[in-house]
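As the structure lists them, so they are numbered: ligands from 1, and atoms in each ligand from 1.
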Amino acid sequence: MKKFKAAVLGATGMVGQRIALMLSVHPQFEVTALCASERSAGRSYREAAKWVVADEMPARFRDVVVQECSAKNVDADIAFSALPAAEAALVEKEFAAAGVAVSSNASAHRMEEDVPLVIPEVNPEHLGLIDVQRRKRGWDGLIVTNPNCTTVVFALAAKPLSDAFGVKTIIVTSMQALSGAGYPGVASLDAVANVVPFIQEEEEKVGRECGKIFGRVAGEKIERHHAIVSASCNRVPTREGHMESVSVSLEKNAGAEEAKRAMREFRGLPQKLGLHSAPANPVIVMEENDRPQPVRDVMRGGGMSVCVGRVREEKALENGLKFTVLGSNTIRGAAGAAILNAELLAAQGYL
Ligand code: NAP
């Protein structure tokens, strides 16, 4: 299998660490640069990164010297970006202009007309925008983005429903883990034994991104999907995994059993292509009435599956269904999402 040289931008952060860990055993991507801010540059990775993910720091990265996020000094075919949005806005463009393919977690470019916002099981055809992007911007490189960690979780569960029955309205209430805010993240006095009913910009992002992801390619841009998406986002004191209560109004009536079958049988392009990070079952349907739970279920499918439970009728909506869905915010919602996008880029000849 061809190996691509990979840089991790924001390698010392919560998502960057997860990316480094996943790439340390990846058959297609070989890490050639770990990059972060000027605070970390020049220090060894073990000194610069306060290691917060569960597995150990890969031994071969410990003494690697962290570099600044500058395309001039970095030798890479692809850059995985886990930068804060403000930094990503400049740095990702610099890398793309220098011929590097950027697979980004940041929100900076997600809504730009010629930038694909992709969940490989949901809208792989949006990668076609890369040809438009390269032509318009004169880049040899590219930028592809994955959605916000809240969006990806319910979007994966909604895709089989959208395909089989059509979706008119989605109402989602999230219970989002502390790791979603990065490290050190939420202050302990706000987090412990508490719920914070506000996450800056999150509800707006969820609505905007869902319309684009479920939209269709129309010429050189994406025509947004017509579904109304209403989100209420809460920070709760769990460590990993965003849990979401979802109510949907469907175009066609579907019973709970039909909906569960559609979710269970759903397979996307990554499964058909056998991509390395693709879970066998993107949507796992659980029958126990007290599941899914973050502590027990968040790592199903290596953290790349979402788990759905409590599928039942929603009497308050026309053709209504409601369910609970859980997904790993740092893997399916971030690191794994960017890596799966990169695997799809490679499979489709964009690298
Ligand atoms: P984080 O833990 O705060 O890490 C931020 C990283 O960016 C660190 O490596 C930091 O390096 C680097 N950085 C900060 N300022 C920089 C600058 N001026 N120049 C270069 N590098 C700089 O954040 P995170 O949670 O990993 O999130 C990273 C990105 O992924 C964000 O855009 C976030 O919205 C997105 N995201 C996060 C999640 C999640 O579950 N956490 C999910 C989806 C998307 P230093 O250590 O040197 O400061």
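- The contact set between ligand 1 and Arg39, taken as ligand atoms under 4.0 Å from a residue heavy atom, comprises 14 (C), 15 (N), 48 (O).
- Ligand 1 has a nitrogen or oxygen under 3.5 angstrom from a nitrogen or oxygen of Leu83.
- Salt bridge absent: Lys221 and Asp114 never bring a charged side-chain N and a carboxylate O closer than 4.0 Å.
- Residue-level proximity to ligand 1 for Ser179 is carried by the backbone, the only part with a heavy atom below 4.0 angstrom.
- In this structure, atom 33 (C) of ligand 1 has its sub-4.0 angstrom surroundings free of protein heavy atoms.
- At under 3.5 Å, not a single nitrogen or oxygen of Asn148, backbone or side chain, sits near a nitrogen or oxygen of ligand 1.
- The nearest heavy-atom contact from the protein to atom 23 (O) of ligand 1 is Gly182 CA, 4.2 Å.
- Regarding atom 20 (C) of ligand 1, its nearest protein heavy-atom neighbour is Ser37 CA, 3.5 Å.
- With hydrogens left out, the protein atom closest to atom 37 (C) of ligand 1 is Val15 CG2, 3.5 Å, a heavy atom.
- Close N/O approach between Ala48 and ligand 1 is not found [any backbone or side-chain N/O within under 3.5 Å].
- Classification of the Phe4-Phe29 ring pair by plane angle, with boundaries at 30° and 60°, yields tilted.
- Taking every non-hydrogen atom of Ala106 and a distance limit under 4.0 Å, the qualifying atoms of ligand 1 come out as 32 (O).
- Counting protein heavy atoms only, atom 19 (N) of ligand 1 is closest to Glu87 CG, 3.6 Å.
- Distance CG/Asn341 to OG/Ser103: 5.0 Å, rounded to 0.5 Å.
- Scanning all protein heavy atoms for the shortest distance to atom 2 (O) of ligand 1 gives Met14 N, 2.9 Å.
- The atoms of ligand 1 that sit less than 4.0 Å from any heavy atom of Ala334 are 42 (C), 43 (C).
- For Ser174 (side chain) and Asn234 (main-chain N/O), a donor-acceptor pair under 3.5 Å exists by modelled atom type.
- Only the backbone of Ala11 comes within 4.0 Å of ligand 1, judged by heavy-atom distances.
- Of the N and O atoms on the side chains of Glu202 and Asn148, at least one donor lies less than 3.5 Å from an acceptor on the other residue.
- For ligand 1, the polar-atom distance check against Gly10 finds a nitrogen or oxygen pair separated by under 3.5 Å.
- Note on Glu223 versus Arg216: salt bridge recorded, some NZ/NE/NH1/NH2 to OD/OE distance being below 4.0 Å.
- Counting only heavy atoms of the protein, atom 7 (O) of ligand 1 lies nearest to Pro84 CD, 3.2 Å.
- The pair Arg135-Asp131 does not count as a salt bridge, with every side-chain nitrogen at least 4.0 angstrom from each carboxylate oxygen.
- Heavy-atom proximity to Thr330, at under 4.0 Å, picks out these atoms of ligand 1: 40 (O).
- Any N or O atom pair closer than 3.5 Å counts here, and Asn105 shares no such pair with ligand 1.
- Remark: the Glu240 side chain and the Thr330 side chain contain an N/O donor-acceptor pair separated by less than 3.5 Å.
- Nearest protein heavy-atom contact of atom 43 (C) of ligand 1 is Gly333 O, 3.2 Å.
- Atoms of ligand 1 found under 4.0 Å from any heavy atom of Cys149 (numbered from 1 in listed order, with element): 42 (C), 43 (C).
- Applying side-chain contact (heavy atoms from CB on, under 4.5 Å) to Arg332 and the options Leu326, Asn146, Val152 leaves one that passes, Val152.
- Of all non-hydrogen atoms in Gly303 and Ser328, the two that sit nearest each other are O-CB, 3.6 Å.
- Residue Ser40 has at least one N or O atom closer than 3.5 Å to an N or O atom of ligand 1.
- With respect to atom 8 (C) of ligand 1, the closest heavy atom belonging to the protein is Thr12 OG1, 3.4 Å.
- Taking CE from Met1 and NE2 from His26, the interatomic distance works out to 8.0 Å, rounded to the nearest 0.5 Å.
- Under the 4.5 Å side-chain criterion, counting only non-hydrogen atoms from C-beta, Trp51 is in contact with Val53.
- Side-chain atoms of Glu121 and Gln271 form a donor-acceptor pair, as typed in the model, at a separation below 3.5 Å.
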